[in-house]
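Written below as structure tokens is the structure these notes are about.
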Amino acid sequence: FALVPLLETRAVKPLLLLRADTAMQARRRDWVAWASYAVVVAGLAAVAAWQAGSLEASLYVMGGLAAVGLVLQTASALLVRLVRPLTRSRAFALRHAIVSLGRPGNQTRVVLLTVGLGAFFILAIQHVQANLLNAFSLELSDDAPDMFLIDIQRDQEPGVRALVDARAIEPARYIPVLRARVVGVAGSDVNLDAYDDVRRRGLGREYVITYRSHLEVNEVMQEGRLWDGPLPEGEPEVSIEEGIARRGIGIGDRMRFDIAGRVVEARVTSIRDVDWSEARNGGFMFVFRPGPFEDAPRTFIALVRAPRDPVARAGLQRELVSAWPNVSAIDVREIIRTIQGVVQNITLAITIVGVIALASGMLILVGAVAMTRFQRHYEAAIYRTLGASTRRLTAMVAIEYGILGSLAGLLGAGGAVALSWAVTTRLLEMDWAPVPHIPAVGVAATALVVLVVGLVASIDVILRKPLGSLRGE
């Protein structure tokens with residue numbers, strides 16, 4: 001990395017240093033410098049491939065970094081140009097602060113790029129985390145079931161009901177379930193006569209099905225109408241989930257199911273849209289009209305609001321397992337705590353990367369102040385000679401770095417919101433919702449950090465007496 005800027009010194013002519021009025025000459029294409037750029041890029045790609053264990057993943061990383069860098073560089077140049085009209089402001093401190101942003105050697109765009117990139121990383125992962133926690137409903141409501149009991153046999157249901165209802169906050173809900181496979185479809189658009197045809201259509205797996213006469217709160221009827229009451233004499237009826245309908249199955253089609261060795265043919269009468277993020281309220285691909293399965297071998301799933309006390313919850317699980325070893329008790333709150341820990345660890349890791357990028361931006365900012373220190377000393381001496389006070393000089397520096405930090409924060413926050421939307425909706429396929437306080441706090445914090453660092457790095461410029469600088473001239 002040091003080789004890249006050092007190679008540029010090879011093209012500097014001595015005349016540029018000996019005569020300040022000499023114009024910059026056009027440079028030839030430096031193939032050695034371009035080769036050093038290629039080596040740096042290849043090194044980064046190799047490290048990314050090594051860490052990810054995939055060359056394809058490293059190409060995605062490098063492409064993403066290049067795209068983000070290009071966008072930030074272009075946006076920073078545009079923002080600096082947009083604030084340029086403020087150089088005509090009547091406010092002395094604001095006018096000269098904007099002029100300082102274009103100072104030779106000030107590296108305004110580089111600082112905007114690095115600081116904006118750090119803010120981008122930090123705010124993007126915070127925004128994605130907020131949407132993940134919301135999408136997974138990690139904060140259970142007080143009336144939501146938080147424990148599932150699975151594989152309750154028919155003869156065990158009365159005993160389980162008595163034990164659970166005596167210890168739970170409220171009586172549990174019991175959902176009858178069966179296991180079935182689709183073995184054929186006869187429809188207007190799709191005809192699947194053999195199981196191999198069913199499997200190629202993507203319907204070959206085993207499904208958990210149920211029967212009821214109502215929609216759950218996480219279901220919306222898309223097409224058709226749900227039945228009322230048990231099935232009268234006639235053909236069984238089934239309601240399918242929207243994902244099944246996308247495979248070419250529609251209202252009126254007949255589907256054949258293998259349920260416990262018995263083949264049942266049912267007519268599709270409705271199509272439902274299921275919100276799987278609220279699956280605690282029930283989520284099934286196939287729901288049958290009650291009637292044909294009253295005597296079929298079935299089990300039950302119990303939705304329980306267990307005691308909030310961890311000791312009481314563990315005691316309930318222990319008694320269930322002791323009495324009925326085949327019954328599985330799934331504690332949703334424990335799963336949620338595990339998911340929260342994973343999400344927080346991922347967030348912490350990426351936030352550390354963002355903090356490192358932000359710290360790099362701060363170091364570049366300090367270096368930029370040091371590079372222009374001589375010119376700043378001379379300008380401050382002139383201002384003092386003309387009557388500027390320490391307060392006015394401090395205001396100029398504060399406005400300059402406050403604007404720089406605000407622009408970097410805006411760049412990072414804008415990119416973070418766009419990235420969180422893309423990751424949430426396209427990659428994770430979840431609903432995205434804006435979290436306004438995250439970018440707002442991020443912009444304010446970035447502006448404050450850059451302002452403080454800029455002021456601290458410029459203390460000697462603000463406090464230095466003008467006589468020493470003028471005598472040096």
Side-chain angles (χ1 to χ4, degrees), residues 136-137 140 143-183 195 203-214 216 218-219 230 236 238-239 241 257-264 266 274 276-339 342:
F136 285 127
S137 301
L140 284 173
D143 59 348
D146 56 7
M147 184 179 290
F148 292 121
L149 307 182
I150 299 176
D151 199 25
I152 304 172
Q153 303 299 315
R154 292 181 64 178
D155 59 342
Q156 297 173 338
E157 189 263 338
V160 172
R161 184 184 295 271
L163 174 63
V164 172
D165 291 354
R167 291 163 175 77
I169 297 177
E170 63 180 21
R173 291 175 53 202
Y174 292 81
I175 303 174
V177 296
L178 304 92
R179 295 188 176 274
R181 287 187 180 274
V182 180
V183 294
Y195 180 71
L203 299 170
R205 70 179 180 87
E206 187 177 60
Y207 293 93
V208 177
I209 65 173
T210 189
Y211 54 87
R212 49 179 156 84
S213 297
H214 63 276
E216 293 290 352
N218 63 324
E219 296 177 327
V238 64
S239 174
E241 195 267 339
F257 297 87
D258 183 342
I259 304 175
R262 172 188 170 193
V263 176
V264 176
V274 179
W276 296 104
S277 66
E278 289 293 334
R280 292 193 305 268
N281 296 307
F284 294 88
M285 306 295 282
F286 299 99
V287 175
F288 284 79
R289 186 168 185 170
F293 308 108
E294 294 297 334
D295 298 326
R298 63 184 184 273
T299 60
F300 292 90
I301 296 175
L303 280 62
V304 184
R305 284 185 61 200
R308 302 293 294 272
D309 179 50
V311 176
R313 296 173 72 87
L316 174 60
Q317 290 178 287
R318 185 170 54 253
E319 292 187 46
L320 283 168
V321 173
S322 299
W324 301 281
N326 63 289
V327 176
S328 300
I330 300 176
D331 191 343
V332 177
R333 292 190 180 274
E334 186 63 33
I335 295 174
I336 286 174
R337 280 194 290 269
T338 302
I339 295 175
V342 172

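Worth saying up front: this structure is predicted, and the values here are computed from it rather than measured.
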Between atom [atom1] of [X] and atom [atom2] of [Y], what is the distance when rounded to the nearest 0.5 Å?
X: I175; Y: T299; atom1: CD1; atom2: OG1; answer: 11.0 Å
X: L149; Y: L316; atom1: CG; atom2: CG; answer: 7.0 Å
X: I335; Y: I330; atom1: CD1; atom2: CD1; answer: 6.0 Å
X: I152; Y: L320; atom1: CD1; atom2: CG; answer: 8.0 Å
X: S328; Y: Q317; atom1: OG; atom2: CD; answer: 10.5 Å
X: L163; Y: Q156; atom1: CG; atom2: CD; answer: 12.0 Å

What are the two closest heavy atoms between [X] and [Y], and how far apart are they?
X: R181; Y: G204; result: NH1-O, 2.7 Å
X: R167; Y: P307; result: O-CG, 3.2 Å
X: V327; Y: V321; result: O-CG2, 4.5 Å
X: P297; Y: L178; result: O-CD2, 3.8 Å
X: Y174; Y: P176; result: O-CD, 3.8 Å
X: P171; Y: D165; result: CA-OD1, 3.5 Å

**OP:** Go through the steps for Y211 and R298 under the test side-chain contact (heavy atoms from CB on, under 4.5 Å), then give the verdict.
**Re:** CA-CA 11 Å; Y211 54 87; R298 63 184 184 273; 3.0 Å; yes
**OP:** Please report the C-alpha distance between D258 and Y195 in whole Å, then the side-chain angles of each, then the deciding distance to 0.1 Å, and finally whether the side-chain contact (heavy atoms from CB on, under 4.5 Å) criterion is met.
**Re:** CA-CA 11 Å; D258 183 342; Y195 180 71; over 6 Å; no
Original post:
Just by distance, do the side chain of D146 and the backbone of A306 share a donor-acceptor pair under 3.5 Å?
Top reply: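 Judged by distance alone, yes, a pair lies under 3.5 Å.
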**OP:** Please answer whether the main-chain N or O of V287 pairs with a side-chain N or O of T210 as donor and acceptor at a distance below 3.5 Å.
**Re:**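 No; zero donor-acceptor contacts below 3.5 Å.
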**OP:** Begin with the C-alpha distance, continue with both residues' side-chain angles, and end with the deciding distance and a verdict on side-chain contact (heavy atoms from CB on, under 4.5 Å) for F284 and I209.
**Re:** CA-CA 6 Å; F284 294 88; I209 65 173; 5.7 Å; no
Original post:
Can you check side-chain contact (heavy atoms from CB on, under 4.5 Å) on R313 and E334, steps first, answer last?
Top reply: CA-CA 11 Å; R313 296 173 72 87; E334 186 63 33; over 6 Å; no
Subject >> CZ (R179) with more than 12 external heavy atoms under 6.0 Å >> reply: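 At most 12 heavy atoms, drawn from other residues, nucleotides or ligands, come within 6.0 Å of this atom.
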Subject >> Close side-chain approach of F300 and V160, heavy atoms under 4.5 Å >> reply: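 F300 does not reach V160 side chain to side chain.
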**OP:** Only counting residues at least two apart or in another chain, list the ones meeting ring-ring contact (aromatic ring centres under 6.0 Å, His included) with F288.
**Re:**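 ring-ring contact (aromatic ring centres under 6.0 Å, His included) check on F288 returns F257, F293.
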**OP:** Please name all residues satisfying side chain to side chain contact (heavy atoms under 4.5 Å, CB included) with A168, sequence neighbours left out, ordered by chain then number.
**Re:**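 Here the qualifying residues are V164, V304.
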